[in-house]
Amino acid sequence: MIAVEKLFKTLNKNNIKFFSGVPDSILKNFSFYLEKNKQYSNFIAANEGSAVSIGIGHYLETGNLPCIYLQNSGLSNSINPLASIAHNDVYAIPLLLIIGWRGAPGKKDEPQHIVKGKITTKILKLLKIEYCILNNDKDLKRLDELAKKALKRRKIVACLVKQDVLKYSKKLKNKNIIIKHINKNDFFNSFLSLISKNSNIITSTGYTSRSLLKFRGQKKYQGKGKDFYMVGGMGHTSMVSLGVALKSKKKTYCIDGDGSLLMHMGSMHNVGLSSLNNFKHILFNNNCHDSVGGQKTNTNLLDFKSIVSGFGYKNYLKIDNKNNIERILKKFIKIKGPSFLEVIVDINRDKNLPRPKNLISIKRKFINGNI
Ligand SMILES: Cc1ncc(C[n+]2csc(CCOP(=O)(O)OP(=O)(O)O)c2C)c(N)n1
């Protein structure tokens with residue numbers, strides 16, 4: 001185990017003051033520390049490629065070593081700028097990557113993390129990125145050496161962090177709890193009662209999929225629509241939904257989190273261009289990456305009405321009051337054209353949300369049309 005304060009001591013020694021990344025549950029304490037210590041610049045990026053790119057720009061302007069943090073599932077999002085810009089054989093831009101290692105061999109993890117967990121070190125080797133694995137304080141010495149090497153030889157270096165390694169003495173409260181908005185349970189209660197039997201539902205990674213799955217555990221909520229849970233592939237929910245909707249006569253509901261929607265927001269252009277009557281995009285906007293620690297997305301600052309209209313969606317509706325859930329949902333279900341429903345939701349308080357497990361069976365049920 002390593003106290004996050006000690007990790008930052010090593011980073012300080014190497015004058016690392018600039019951070020960009022996409023939050024990860026393994027690195028939750030790392031994010032908390034950054035949030036608490038305002039002397040650091042921290043830019044939470046829309047996706048990991050963007051985080052690397054902000055780091056590249058930072059080095060170009062300052063000559064200092066930036067730190068990019070990410071979960072290993074996002075390593076693939078970052079490969080493009082890593083291999084085609086920052087790599088030692090291209091522009092030789094020094095970067096330090098701190099990577100949360102889900103699915104690390106020997107650690108129990110969810111099915112979506114197994115493949116990536118196994119190939120993470122192989123990807124780094126293919127990219128010729130030297131790395132260390134952080135387990136205890138002794139490994140910080142290796143990290144220190146790597147950080148120095150990065151700057152001296154203009155190289156990308158990395159350190160891998162497994163589950164439960166980083167500790168932080170302080171606990172940060174999720175500030176997004178303050179205002180009580182729509183409870184996802186209230187939403188799904190109405191949604192599953194109102195939609196037609198033969199609806200397609202595709203839900204994003206994070207708490208969205210798990211909240212819906214919880215309802216499917218109760219008999220009265222079975223048989224209303226069929227679900228495909230995006231347990232991984234964060235940010236791609238709307239495009240999987242579009243692929244379904246293009247060839248389906250049924251209403252297709254894409255239920256996205258705000259972090260997920262932001263990650264590959266350019267996809268919304270394809271939704272608008274499709275002009276599909278049966279495409280229905282629902283955003284659970286809680287202004288944070290709730291399921292990995294509540295790090296802010298700042299999507300409360302975005303004007304989704306204008307954004308979706310600019311992308312060519314035909315309708316925008318919003319639910320921010322519990323009393324309006326049914327009325328607005330009825331309208332949303334009826335209207336035609338790519339339509340967008342922004343639901344201002346509360347952060348999750350249910351500690352026992354189920355996790356999608358038998359993925360092949362989930363896929364078969366979706367294809368065969370029964371839940
Ligand atoms: C490419 C990628 N990057 C990072 C993650 C880690 N991750 C899992 S869920 C999540 C937050 C998703 O936020 P949001 O869509 O707002 O849903 P919420 O957590 O609020 O339910 C993150 C960052 C991931 N799974 N994949």
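Whatever order the structure lists them in is the order used to number ligands and atoms, beginning at 1.
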Main-chain N/O of Val244 paired to Ser248 side chain as donor or acceptor, under 3.5 Å:
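Absent.
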
Backbone N/O of Ser73 and side chain of Lys116: donor-acceptor pair under 3.5 Å
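Side chain of Lys116 to backbone of Ser73: a pair is present.
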
Asn12 and Tyr40: side-chain donor and acceptor closer than 3.5 Å?
yes

Distances under 3.5 Å, N/O of ligand 1 against N/O of the protein: list each pair and its distance.
from     : atom 1 : to     : atom 2 : distance (Å)
ligand 1 : 3 (N)  : Glu48  : OE2    : 2.6
ligand 1 : 15 (O) : Gly259 : N      : 3.3
ligand 1 : 15 (O) : Ser260 : N      : 2.8
ligand 1 : 16 (O) : Asp258 : N      : 3.3
ligand 1 : 16 (O) : Asp258 : OD1    : 3.2
ligand 1 : 16 (O) : Gly259 : N      : 2.8
ligand 1 : 16 (O) : Cys288 : O      : 3.1
ligand 1 : 19 (O) : Asp290 : N      : 3.2
ligand 1 : 19 (O) : Ser291 : N      : 2.8
ligand 1 : 19 (O) : Ser291 : OG     : 2.6
ligand 1 : 20 (O) : Asn286 : ND2    : 2.9
ligand 1 : 20 (O) : Cys288 : O      : 3.1
ligand 1 : 20 (O) : Asp290 : N      : 3.1
ligand 1 : 21 (O) : Tyr207 : N      : 3.0
ligand 1 : 25 (N) : Gln71  : OE1    : 3.3

Could you pull out all residues at least two apart from Lys167 that satisfy salt bridge (charged side-chain N to carboxylate O under 4.0 Å, His left out)?
none

I'd like to know if Leu11 and Ile133 are part of one continuous hydrophobic network [Ile/Leu/Val/Met/Phe/Trp/Tyr, side-chain heavy atoms within less than 4.5 Å].
yes

Let me check something: do Leu70 and Ile44 share a hydrophobic cluster, defined by ILVMFWY side-chain heavy atoms less than 4.5 Å apart, either directly or through other members?
yes

